[in-house]
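Below is one structure, written out as structure tokens, with a few remarks after it.
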2 protein chains.
Amino acid sequence: MSTRAAYRRSLDELWVRMAELARLDAVAIEHASIALHDADISMAESVIAGPPSVAAAAAALEEDAALIIARQQPVATELRLVTGTITITSALARMGGLAQHVAQTARMRAPQPAVASELNAVFEAMSRTAITTATALTAVLDNRDAEGALALQAADSVMDDLHRDLFTELLARSWAHGIEPAIDAALLGRFYERFADQAATVARRVQHILTGA
Amino acid sequence: MSTRAAYRRSLDELWVRMAELARLDAVAIEHASIALHDADISMAESVIAGPPSVAAAAAALEEDAALIIARQQPVATELRLVTGTITITSALARMGGLAQHVAQTARMRAPQPAVASELNAVFEAMSRTAITTATALTAVLDNRDAEGALALQAADSVMDDLHRDLFTELLARSWAHGIEPAIDAALLGRFYERFADQAATVARRVQHILTGA
């Protein structure tokens with residue numbers, strides 16, 4: 001294999017590995033959401049322990065991006081890809097961390113549910129949105145899909161609306177669960193909202209790599 | 001000026017500009033904290049509008065780091081500096097965003113104070129810790145101080161302890177302020193805690209750049 005072909009291949013691999021991290025995030029937020037809704041301790045613990053570690057994979061990916069920079073002299077799109085990988089990787093690792101925060105909250109309250117029953121609908125919608133977002137992000141990275149990246153940035157507003165709905169419910173006069181469940185719900189809401197926000201950041205970055213815009 | 005000297009200078013500038021971002025973060029969290037404690041709307045708005053924008057400065061810095069990579073072939077410590085700049089910059093921009101979240105909460109509740117009086121002590125301690133941390137981080141970046149970077153990572157536990165104290169107060173039986181102030185306080189606590197955590201991330205990264213460890 002020529003040096004040039006090896007270089008092309010190392011760039012291709014950055015995409016493949018970013019997509020793999022996004023896929024791990026999709027699994028993590030799905031399992032964390034199941035743990036939350038079913039108050040399932042062992043599911044929560046599998047997310048918290050979570051091999052393969054997204055953080056470790058992210059650190060390795062960032063190091064390899066740096067090695068490509070050191071060995072090659074990427075320019076233009078390729079340079080945007082390699083430096084973008086470093087930023088994207090840190091956002092993908094953060095998404096994994098947020099899924100773990102959801103799982104930690106589920107584990108802390110289990111076998112009681114962490115979420116009061118009247119919030120089930122909004123949290124189910126937030127969970128679905130987060131899973132869909134991370135799955136779409138995986139496809140965007142897999143297919144280097146600039147249009148998909150643009151669509152994902154717009155979808156971030158769905159989560160923002162749900163986040164507002166959640167606060168409306170929490171602050172309703174009818175809330176009868178006291179302080180601790182309200183704080184849990186507010187923080188959980190923020191974890192989901194941040195998860196979607198980080199996905200939008202990644203999508204913006206992918207678009208920049210692909211189009212320069 | 002020789003090419004080599006120009007290159008050295010562009011690397012030096014990365015440190016100077018990272019330190020400048022950290023200094024802006026220190027100012028932002030100080031002003032946000034004043035806005036919070038004094039329920040001062042115009043102070044809150046100055047942080048929210050916040051020229052010069054940390055986010056814009058961060059984007060420019062990241063672009064320049066990429067340009068250095070494109071034009072030079074940094075290796076070893078220099079490569080760690082240039083790639084580390086990209087990660088550090090994103091953490092420093094996040095710290096500015098968290099200071100804005102504190103300011104937004106202050107503005108939302110003003111002219112009422114966002115923080116119940118029995119939480120003043122813990123939030124004043126969190127504010128002081130955040131300001132001290134960001135100021136120390138500025139010095140670490142200014143002086144490329146590996147020992148200072150190590151000390152900063154250890155100091156993160158002070159904020160974690162305060163964060164725990166805050167939840168103890170919020171969940172005490174004597175809490176009489178209802179749901180909304182409890183949620184505000186929990187989120188504010190998280191903003192301060194994340195601010196310090198991001199500072200520790202930057203400090204870890206600086207240590208890695210300087211020592212390779």
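The shown structure was predicted, so the numbers you read here are calculated from the model rather than taken from an experiment. Every chain is numbered from 1, with letters handed out A, B, ... down the list of sequences.
- Scanning residues 149-156 of chain B against chain A with a 4.5 Å heavy-atom cutoff picks out nothing at all.
- The most heavy-atom pairs under 4.5 Å with chain A, out of B/F167, B/F191, B/W175, come from B/F191.
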Exercise for the section: List the steps, then state whether side-chain contact (heavy atoms from CB on, under 4.5 Å) holds for B/I183 with A/I179. Expected result: CA-CA 8 Å; B/I183 291 177; A/I179 302 294; over 6 Å; no
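- With respect to the salt-bridge test (charged N to carboxylate O, under 4.0 angstrom), the residues A/R173 and B/E180 do not qualify.
- For the atom pair CZ of B/R94 and CZ of A/R94, the computed distance is 7.5 Å after rounding to the nearest 0.5 Å.
- Other residues, nucleotides and ligands contribute over 12 non-hydrogen atoms within 6.0 Å of the CD atom of B/E118.
- Distance CD/A/E63 to CZ/B/R80: 10.5 Å, rounded to 0.5 Å.
- In this structure, A/L187 and B/A186 approach most closely via the heavy-atom pair CD2-O, 4.3 Å.
- For A/L79, the part sitting under 4.5 Å from any heavy atom of chain B is the side chain, from C-beta outward, and nothing else.
- Taken to the nearest 0.5 Å, the OG1 atom of B/T83 stands 9.5 Å off from the CG atom of A/L67.
- Per-residue heavy-atom pair counts under 4.5 Å with chain A were compared for B/L171, B/T87, B/L170, and the maximum is reached by B/L171.
- Using a cut-off of 4.0 Å between Lys/Arg side-chain N and Asp/Glu carboxylate O, B/E62 and A/R205 are scored as salt-bridged.
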